[in-house]
Amino acid sequence: MTVALSGKDIASQLEEKFPGSVEETGQDSLVVKSDSLLAVAGYLKDTGSLAFDYLNYITAVDYYSYFEVVYQLTSLKHNHSVIIKSRCYGRENPAVPSVVGLWQSADFQEREIYDLMGIKFEGHPNLKRLFLWEGFQGHPLRKDYL
Amino acid sequence: MATVDFIVQNQLPMQVVPPDWPGGYWWHWLFFTVVLITFTLIMVMGVIYVERRGLGRMQSRLGPNRVGPFGLLQPVADAIKVLLKENIVPDKADKIVHWLAPVIAFAPVLMIFAVVPFQNGALLADLNIGILYVVAISSVATVGVFMAGWGSSNKYSLLGAMRNVAAVVSYEMPLVLAIIGVVLVAGSLSMNQIVLSQDIPFILFQPLGFLIFFAAGCAEINRSPFDLMEADQELVAGFHTEYSGMKFAMFYLVEYAEAIAISAIITTLFLGGWRGPLLPPWLWVIVKIFVVFFLMVWTRSTFPRVRIDQLMALAWKFLFPLALINLFVTAIQVLVWPDALPWVLIIINIAIMVILVVSWSKFFKLGWGRLEV
Amino acid sequence: MTTTEMMTLKTEPFVLNFGPVHPSTHGVYRMRATLDGEVILDIEPVVGYLHRGIEKLAEERTYSGFIPLTDRLDYISPMSNNLGYCLAVEKLAGIKVPERAEYLRVIMAELQRLANHCIAVGSFLNDTGAYYTPFMYAFREREKIVDLFDMACGQRLTYNYMRIGGVSQDIPDEFLPALKRLVEQLPRWVDEYDVLLKQNEILLARTKGVGVLPRETAINCGISGPVARGSGVNWDLRKADPYSIYDRFEFDIPQGEAGDCYDRYRVRIEEMRQSLRIIKQAMNDIPAGPVRADVPHLIRPPKGEAYAHIEAPKGELGYYLVSDNSIAPYRCHIRPTSLINLTALREMVKGWKVADLIAIFGSIDITMGEVDR
């Protein structure tokens, strides 16, 4: 069975390494500040006991006052998984660092989120729209589109 | 061997018109031209039917069975449909080249049938260099194909045409060498003489030559498993992507007419042409052509396609050396043992073929694989 | 310019567009390939031709009303899509599914895996050039499976069979005997298919060593399903994170070593055999009982979020649902198996030729409905 690590397990480790990075710990997930997201992700991937080498998915949810980007990571070696979230406030230019350098599966998924939600991923080599054509105005999956 | 001596002694002089033909030269020419054109067109229809129905049955589906009894009129329906379609020429195409290409592709194929014998002496022109003429003419059809690819101003067509030219040029070598093996055994280049000297069909004397000729012939006419010129999984339709209407009908015709031409050459060279008991000779020719064509349909429905570099490797590294060895062995047999009993030679040749094919294919590696970019 | 410089041919790469309308791109997929002759230097995938906004539509439909939309995602294996979604909703709302429904779900999911691999293997072989013959044979078997689905839910393509809390209706009496007959016939067919193609020289030359995906790249790119297992990644969600009642069945996970097209093809054939094993076990143990939990159709799950993933025939298919206690999901995200599997395509095809591009693309087995959603 893949053990779904709860937020509290990892939060303490992360607080030691990167103080002030964890915003909240929910029951299954933990919310990380977007500036320290890249460092936290790198730590999660490279630490031997955690070894999260497989990125299941990236998605984004629109909660009116903030956007929440959700990442689920799995370790194939230890067979455990964790959910990391990151929030970006403000609807004009939400931005989050890109994890393409760590897990290449983020390539198309981040482009999709940029296309449909409008969240920019800093550091992505090719952040173009994926499904809609260039020149399309607006981001359809937002709650205030239509 | 005994047959060679017999042939050399009784060599008939070349005659422009057979002695028992009523009427003059022009009447002979007119009659045979009309017969050959009709023969080609009707055979193409029959062959299209055999292919579609045969492919269908081999793929566990029915194939055409609505138009006419057992779907026999399906090619007629196809021809009418294609002729009624609009003739679209792309805007940037080279108009003259685009228009000329089907003509240049089709004319040589029709000219091949001039030297295929339907009975003893019944051919349009009993050239005493018959088979050399065939080899020369069949290469001209490639020019037509390349013109089609170039004149379409379409990258897919150009890719298909390039592949075609490369393949045809490579496969000429094994083809010609296999033919020379037969010529050595028969002692003459004239197609009529070759048939006359086949008391025992040459497929038994030249099994390796038959296999090489069949493979090289299939590659020359773009039939599976070498049909990458018009691979519709990759290039939409290869060099005839931009053709429609009557011009497409010409290319369609060319493809099947070439298949019949190669089958006709195989029957003449290897299977004994018009010889056989019971049936009239011209019917034997037609039956043998259908048998060889059915073999082509069979290989089409069974094998996947080879890649272009694997195709070239097959021609140069596999078929060409084998054809050379075959020629060598045949030459030794004809020179050193002209009076050997036929069945001894047959057994020796079949054994050599089996050993060569099995051992060579173990050493042979298809294709180069990936290039570093 | 020196003579050598004048003699060297100047070449430049050109861009060829494998358009959305193409006989072999498995749907409306577009690739812009930069070619140097026949060698591929780079490809740029362009997707979005089938984008229907299903994730946005989910926010307008009720939870049960969204199930038919999930059918249209991966339209080759709709049962798996339904199953994944229902599992996600049941996790969110904490619903327990009755035993008989669990067994029925497993039987349907494994039958769907068989049907999907029929198409995957058939069209992969079609892409290598075996002119529709293996495709037709594979479809013959898929017909039998689809007839069973027709018996169970009345549909042949978009089943809409699973419901939240179970399945929509019980199977008729003739289903289990028909399934028994199928399970006895199918192993023989898989063996026949295997024997015909496993040692075919041309297939080996076209697929062995072609399009290698190294193990580390596969994990990094998030590849799942037969593509990952062909590269040696030992990860199957039915064993690693069992859902439904998969932990009660005994089956093996086939794995490849080299990560080339041939290994992916072999993995799919072996998975078909393992699916038959699971179906036999499920058929014997299926209990009687209700087929759906007693939950209302207009369900209001409590606030929260849930992610459920299944081992769909193409890989890991997951649904991430966020609920705010209303009749429609607040957000439904579908983890697109095929889109993520496409991430590695660029590395896999660099350096190969055009013919290999089509073969490698076919071996990944994508469906555009899932890529674009």
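Quick note on labels: first sequence line is chain A, next is B, and so on, each numbered from 1.
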- Query: So which of A/Arg129, A/Lys85, A/Lys45 has the largest heavy-atom pair count under 4.5 angstrom toward chain C?
  - Reply: A/Lys85
- Message: Check the orientation of C/Tyr246 and C/Phe251. Use parallel for under 30°, tilted for 30 to 60°, and perpendicular for over 60°.
- Response: perpendicular
- Message: Using heavy-atom distances under 4.5 Å, tell me whether C/Leu237 contacts chain A through its side chain, its backbone, both, or neither.
- Response: neither
- Query: Among A/Leu44, A/Val99, A/Ile83, which residue meets the side-chain contact (heavy atoms from CB on, under 4.5 Å) test with A/Tyr71?
  - Reply: A/Val99
- Message: Looking at A/Lys120, I'd like to know if its NZ atom is crowded, meaning that more than 12 non-hydrogen atoms belonging to other residues, nucleotides or ligands lie closer than 6.0 Å.
- Response: no
- Query: Quick one: what part of C/Glu55 sits under 4.5 Å from any heavy atom of chain A, side chain, backbone, both or neither?
  - Reply: both
- Heavy-atom distance under 4.5 Å to chain A: side chain of C/Ile340, backbone, both or neither? side chain
- Item | Interface moiety of C/Val46 toward chain A, non-hydrogen atoms closer than 4.5 Å | neither
- Task: Sort out for me which of A/Asn79, A/Asn56, A/Val70 touches chain C most, counting heavy-atom pairs under 4.5 Å.
- Result: A/Asn56
- Query: Of the backbone (N, CA, C, O) and the side chain (C-beta and beyond), which part of A/Arg111 lies under 4.5 Å from a heavy atom of chain C, both, or neither?
  - Reply: neither
- chain C contact via A/Ser81 - side chain, backbone, both or neither, heavy atoms under 4.5 Å: neither
- Item | A/Asn126 backbone acceptor or donor facing A/His124 side chain under 3.5 Å | yes
- Turns out that what part of C/Glu59 lies under 4.5 Å from chain A's heavy atoms comes down to side chain
- Query: After noting the C-alpha distance and the side-chain angles of C/Glu271 and C/Arg229, does the key distance pass the salt bridge (Lys or Arg N to Asp or Glu O under 4.0 Å) rule?
  - Reply: CA-CA 11 Å; C/Glu271 278 191 6; C/Arg229 288 196 282 279; 2.5 Å; yes
- Query: Under 6.0 Å from the six-membered ring centre of C/Tyr243 and within 45° of its axis: does the NZ or CZ of C/Lys91 meet both?
  - Reply: no
- Item | Contacting region of A/Ile58 [heavy-atom separation from chain C under 4.5 Å] | backbone
- Message: Which label fits C/Tyr319 and C/Tyr85: parallel for a plane angle under 30°, tilted from 30 to 60°, or perpendicular past 60°?
- Response: perpendicular
- Under 4.5 Å from any heavy atom of chain C - which part of A/Ala60: backbone
- Cut-off 4.5 Å, heavy atoms of chain A, and the answer for C/Val322 is side chain
- Is A/Arg91 paired with A/Asp62 through a side-chain N to carboxylate O contact shorter than 4.0 Å? yes
- Heavy-atom contact with chain C under 4.5 Å, split by part of A/Asp53: both
- Query: Under a 4.5 Å heavy-atom cutoff, which of A/Phe108, A/Trp103, A/Trp133 has the most pairs with chain C?
  - Reply: A/Phe108
- Hey, can you tell me if A/Tyr54 and C/Trp235 have their rings parallel, tilted or perpendicular (30° and 60° cut-offs)? tilted
